[in-house]
Amino acid sequence: MFLKVQLAWNVIIAAENLKPGSLMLQRAILIRLLSDFSAKKATKDLGYFLAVTTLDKIGEGKVRQHTGDVLFPVVFSAVTFKMFKGEVLEGTVHKVLKHGVFMRIGPIENAYLSSSKMPGYEYVLGENPYFMNQKMPKIAKDVKVRVVVIGTKWMEAEREFQALVGLEGDYLGPISPSDM
């Protein structure tokens, strides 16, 4: 789900980039904010950071004693993406294994669809393995699949989420045919 959030962060600008009252200072603050925003990647509470939409306020700068850099408090709006249990999403299969498939769903690189959560599908071994069902198109690499989120896990060290998804529900399964 996409979320619109308002955040308050501190932005540090090097002393050599300071020219009071100039547009260059606002530009330097914005560039540093965007750089910090992209480096942060995600948080457990807000999900993945996708875009800064507006820079709402730049507070008064405070000089840091030892470095001479200036810390500016800023308030901005942003769009984030976070999965929730029970949410129906679409993803693309990027790896097929005997026990299930890994999918990309938005910024989430490793959503796992277990073979036990694919009712009626059987694994077919070969050069390009896939899962076959008599009533539905096969699930193979590069196939788009509509799934329901069963659970998510925040991985602090990698600053990313992992997800377990399934096909148990109405209108779930492959939505684009495979070329295989």
Side-chain angles (χ1 to χ4, degrees), residues 1-95 100-113 141-166 169 171-172 175-176:
M1 176 181 295
F2 292 101
L3 306 171
K4 184 175 181 185
V5 296
Q6 189 171 51
L7 299 168
W9 282 7
N10 292 320
V11 174
I12 298 172
I13 302 297
E16 57 267 12
N17 294 335
L18 296 173
K19 294 179 184 150
S22 75
L23 289 176
M24 294 306 285
L25 177 58
Q26 289 177 344
R27 182 176 183 266
I29 291 170
L30 182 59
I31 288 170
R32 182 60 188 254
L33 172 64
L34 293 173
S35 173
D36 293 351
F37 185 82
S38 65
K40 187 131 180 165
K41 189 175 176 182
T43 67
K44 183 177 182 178
D45 296 331
L46 298 173
Y48 288 89
F49 294 126
L50 300 181
V52 172
T53 55
T54 59
L55 179 56
D56 302 323
K57 180 182 174 190
I58 300 174
E60 189 174 321
K62 295 182 176 87
V63 177
R64 299 180 94 194
Q65 284 185 345
H66 299 291
T67 62
D69 297 344
V70 180
L71 183 135
F72 290 92
V74 297
V75 177
F76 63 97
S77 297
V79 176
T80 65
F81 176 83
K82 185 173 182 186
M83 279 190 185
F84 293 96
K85 184 177 178 179
E87 186 174 13
V88 175
L89 298 168
E90 294 175 3
T92 304
V93 175
H94 69 86
K95 186 185 249 182
V101 299
F102 283 98
M103 305 171 59
R104 288 186 183 96
I105 301 175
I108 296 169
E109 288 289 322
N110 290 310
Y112 182 65
L113 173 57
K141 187 174 182 196
D142 298 325
V143 171
K144 282 189 171 276
V145 182
R146 185 175 295 128
V147 295
V148 64
V149 178
I150 297 168
T152 61
K153 182 178 180 182
W154 171 248
M155 307 299 289
E156 183 64 45
E158 295 85 10
R159 301 202 59 77
E160 66 183 19
F161 287 90
Q162 291 181 340
L164 179 62
V165 297
Y171 307 107
L172 301 179
I175 55 176
S176 67

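These figures come from a predicted structure and were not determined experimentally. We number each residue from 1, following the sequence as shown. Atom set for the values below is all heavy atoms of this structure, side chains included, hydrogens, waters and symmetry mates excluded.
Side-chain contact between L89 and V165: absent, with no pair of heavy atoms (C-beta onward) separated by less than 4.5 Å. Residues L50 and F2 form a side-chain contact, since some pair of their non-hydrogen atoms from C-beta on lies under 4.5 Å apart.
In terms of heavy atoms, I105 sits closest to A111 at CD1-CB, 3.6 Å. Smallest separation of non-hydrogen atoms from A51 and F37: N-CE2, 3.6 Å. The minimum heavy-atom distance between I150 and G166, with the atom names listed, is CD1-N, 3.7 Å. Taking each heavy atom of F72 and E60 in turn, the nearest pair found is CD2-C, 4.4 Å. Considering all non-hydrogen atoms of both residues, I29 and V11 come closest at O-CG1, 3.9 Å. Residues I12 and R32 approach most closely at O-NH1, 3.3 Å, considering heavy atoms.
Residue pairs that meet the salt bridge (charged side-chain N to carboxylate O under 4.0 Å, His left out) test with at least one member in residues 71-94, sequence neighbours left out, are E90-R146.
Remark: V93 pairs with V96, V101, M103, I139, V145 by the side chain to side chain contact (heavy atoms under 4.5 Å, CB included) rule, at least two apart or across chains. Every residue meeting the ring pair (Phe, Tyr, Trp, His ring centres under 6.0 Å) condition with Y112, not counting sequence neighbours, appears here in chain and number order: F102. Residues passing the side chain to side chain contact (heavy atoms under 4.5 Å, CB included) test with E109 are R104, sequence neighbours excluded. With sequence neighbours left out, the side chain to side chain contact (heavy atoms under 4.5 Å, CB included) criterion links L7 to V5, W9, L46, F49, F76. Shown here are the side chain to side chain contact (heavy atoms under 4.5 Å, CB included) partners of E156, two or more places apart in sequence or in another chain: W154, R159.
The CZ atom of F81 lies 9.5 Å from the CE atom of M1; values are rounded to the nearest 0.5 Å.
Salt bridge status for D36 with K40: absent, with no side-chain N to carboxylate O gap under 4.0 Å.
Between V74 and the options L55, L30, N10, a side chain to side chain contact (heavy atoms under 4.5 Å, CB included) holds for only L55.
The closest donor-acceptor contact from the side chain of T80 to the backbone of G47 lies at 3.5 Å or more, if one exists at all.
When the shell of 6.0 Å around OH of Y171 is examined, it contains 12 or fewer heavy atoms from other residues, nucleotides or ligands. Shown here is K44, whose NZ atom has no more than 12 heavy atoms of other residues, nucleotides or ligands within 6.0 Å.
Residues T54 and D56 bring a donor and an acceptor atom of their side chains to less than 3.5 Å of each other.
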Evaluate the side-chain contact (heavy atoms from CB on, under 4.5 Å) criterion for residues N110 and H94: first the C-alpha distance (whole Å), next the side-chain angles of each, then the deciding distance (0.1 Å), finally the verdict. CA-CA 9 Å; N110 290 310; H94 69 86; 3.8 Å; yes

